Enquirer: 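Below is the structure I would like to discuss, written out as structure tokens.
This structure is a prediction, so every number in the text was calculated from the model and none was measured. In what follows, every chain begins at residue 1, and chains take the letters A, B, ... in the order their sequences are listed.
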Amino acid sequence: MTRHPVASSIPAATVLVLTAVGFAGYVLSGAATPATGATPEPPPAQKAEAARPAYTPPAESDIPEGPFGDMIRLGEAIFHDTQRNAKGFVGNDLSCANCHIDRGRQPNSAPLGAAYLLYPAYRAKNGHVNTFQERLQGCFRYSMNGKAPPFNDKVLVALESYAYFLAKGGPTGVVVKGQGYPKLKAPEQPADYDRGAKAYAQHCSLCHGTDGQGQKSADGQTVFPPLWGARSFNWGAGMASINAAAGFIKANMPLGLGGSLSDQEAWDIATYMDSQERPQDPRFVDSVAETRKRFHDQPTSKYGLVVNGVLLGEKSPPSGTVNAAD
Amino acid sequence: MRSMAGAALLLLGMSALPVLAADGKNTTANAVPPGAASCAPCHGKQGEGQPATGAPRLAGLNAQYLERQLAGFKDGTRKNRIMMMIASDLSDGEKKALASYYADMATPKSETAPADAAVIAAGAKLAATGDWSKDLPGCAQCHGAAGLGVGTDFPRLAGQWAVYIEKALQSWKAGDRKTDPMGVMANVAGKLTDDQIKSVAAYYESLPVAAPTPASETKP
């Protein structure tokens, strides 16, 4: 049962959303709080989105020549094919571009440039001010179920350069239109696992497989990313939060048909997907119960809850499964 | 490996194959199925297709995909007059046998004059990244980075004839082909301009049919 945080409690909602990983983290920061209250208004999240400044990343042809341009292009290559270009830091079958469509350019798909504009920033997730590089480290640790590249490792420098390039012309410290994933209104009916399973079979399994394990082509390359299981993102990732997943799904799935699912379907599918076992949260402490208490004590996380007789988190595959030989 | 073995058998001589079938045992996947005589005039004895007319290359396409196309021709969800007649004459068993026969072939690609390099390059770019100003995913996002296809629903495109790919995309666009699950191809084809169709078609024709040997697998 999922209750999505809405207008009634901005601070609570902020904490919840900030706790979610993913660049979705700052949906409610800055300009998000409405100041007027006289007339009936759309929900604050939608209203805030309309009031945000628009911003468009520069064209690919604007990447400069020379060493800096080369670094930007490397960042783009890492983003597009993380498997091949950031080996040694990736512990699953995903690429950045799986959850950040169009190589991090697509609005409402947590675009990379819009995220860059919001760092450095305090994050409740780790309780201190994070640089953009540290934020990227989190992606490798959680979403990629891998290892964080060391500060100033070429992988991070390249990704930072690419993000900086995409952010060109955007206002720093300001949430721009299309930043993060859209914040959906609470579903009309409580989000439901069984309805989600049906909708998944209808709209998602063609590509991601009936078992959520994705699909590879004949050369062994992942084409459709696994959504759960040992080769997907781990329990600490933003996409493991039902609200982030629902927003992503609504805006971007099925690929090329974004916006075609109802909000209810997006919530149901997100609930189904995020009620499956996946690699352990790398912050695991003592027990599943203690780990839930510290990091997942929200209605948007199923970690540590029993779904279909399974205590999620109890039999999670290991986190950070990067092969030393990579 | 299976397809390599199939190709080797074929090279050893077709005459050996009917003997296998005549044993009364299970015909092997490599035996020439009865219906193949209706396919060969256009698709070639080795399933190589015809670059000029756009009769598609069948060799190496997924068997279930091929079977579904035959069913589509028969029931009209994939409109093609000649193929409808041929598919209507085939029993389900024959369809199955033909599909796996061509799926197992690893016929080399015939040499054709290469298309304009700039057109191929534009196709390569579009295939890899799509055009998200139109919410258009790249072809590779479903058919694989090397165009080798994925599973039973996303056919191999690498080495397919450009004339065929162009016709196929125009058919999706015109609604003459409705065999795509969830209407995925109608969606993308409808967003492609004629120039984009030409460029991705030229790009896929230019690709090798065989998978490049994967760089040393480093699986955990």
Side-chain angles (χ1 to χ4, degrees), chain A residues 56-57 59-60 76-77 80-81 83-84 87-88 90-93 95 97-98 101-107 109 111 145-146 202-209 214-225 230-231 251-252 254-260 317-318 320-326, chain B residues 1-3 60-62 103 106 125-159 180-192 207-220:
Chain A
T56 308
E60 210 172 327
E76 183 180 345
H80 180 67
D81 188 351
Q83 295 293 315
R84 191 172 296 184
K87 270 190 174 181
V90 176
N92 58 21
D93 292 340
S95 278
N98 290 147
I101 307 295
D102 192 18
R103 298 154 298 149
R105 290 172 164 276
Q106 181 82 336
S109 180
N145 193 36
Q202 198 182 342
H203 301 289
C204 319
S205 66
L206 172 70
C207 297
H208 296 285
Q215 294 191 72
K216 296 183 179 199
S217 64
D219 54 359
Q221 286 199 48
T222 297
V223 178
F224 300 113
R231 304 300 298 167
N252 301 291
L255 195 68
L257 294 164
S260 63
T321 49
V322 176
N323 191 335
D326 275 357
Chain B
M1 287 320 281
R2 257 171 62 220
S3 47
L61 288 177
N62 176 273
K125 173 88 182 129
L126 186 64
T129 61
D131 180 354
W132 286 91
S133 67
K134 297 190 280 193
D135 278 336
L136 174 68
C139 318
Q141 289 183 270
C142 294
H143 294 271
L148 299 176
V150 180
T152 61
D153 289 300
F154 301 92
R156 164 196 288 269
L157 300 176
D180 50 337
M182 289 167 58
V184 286
M185 282 309 300
N187 174 50
V188 295
K191 292 171 181 173
L192 289 168
L207 291 183
V209 292
T213 318
S216 58
E217 274 285 331
T218 46
K219 278 210 169 151

Enquirer: What option among Ala128(B), Gly147(B), Cys142(B) has the most heavy-atom pairs under 4.5 Å with chain A?
Expert: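 Among the listed options, the one with the most contacts to chain A is Cys142(B).
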
Enquirer: Ser205(A): which residues meet the side chain to side chain contact (heavy atoms under 4.5 Å, CB included) condition with it, sequence neighbours left out?
Expert: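 Ser205(A) satisfies side chain to side chain contact (heavy atoms under 4.5 Å, CB included) with Tyr200(A), Thr210(A) only.
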
Enquirer: Chain B: which of Gln202(A), Arg84(A), His203(A) shares the most heavy-atom pairs with it under 4.5 Å?
Expert: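 That would be His203(A).
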
Enquirer: Find out whether Leu255(A) and Ile101(A) are in side-chain contact, i.e. whether some heavy atom of one side chain is under 4.5 Å from a heavy atom of the other.
Expert: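 In short, these two side chains touch, coming nearer than 4.5 Å.
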
Enquirer: Measure distances from Gln83(A) to the heavy atoms of chain B and classify the residue's part below 4.5 Å as side chain, backbone, both or neither.
Expert: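 For Gln83(A), there is no contact with chain B at all, as no heavy atom is under 4.5 Å.
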
Enquirer: What part of Lys134(B) gets within 4.5 angstrom of chain A, counting heavy atoms only: side chain, backbone, both, or neither?
Expert: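 The answer is neither part of Lys134(B).
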
Enquirer: Output every pair passing ring pair (Phe, Tyr, Trp, His ring centres under 6.0 Å) with a member in residues 131-151 of chain B, not counting sequence neighbours, ordered by first then second residue.
Expert: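 For residues 131-151 of chain B: none.
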
Enquirer: Give, for atom OG of Ser217(A) and atom CG of Leu148(B), the distance between the pair rounded to the nearest 0.5 Å.
Expert: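 So the gap between those two atoms works out to 5.5 Å.
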
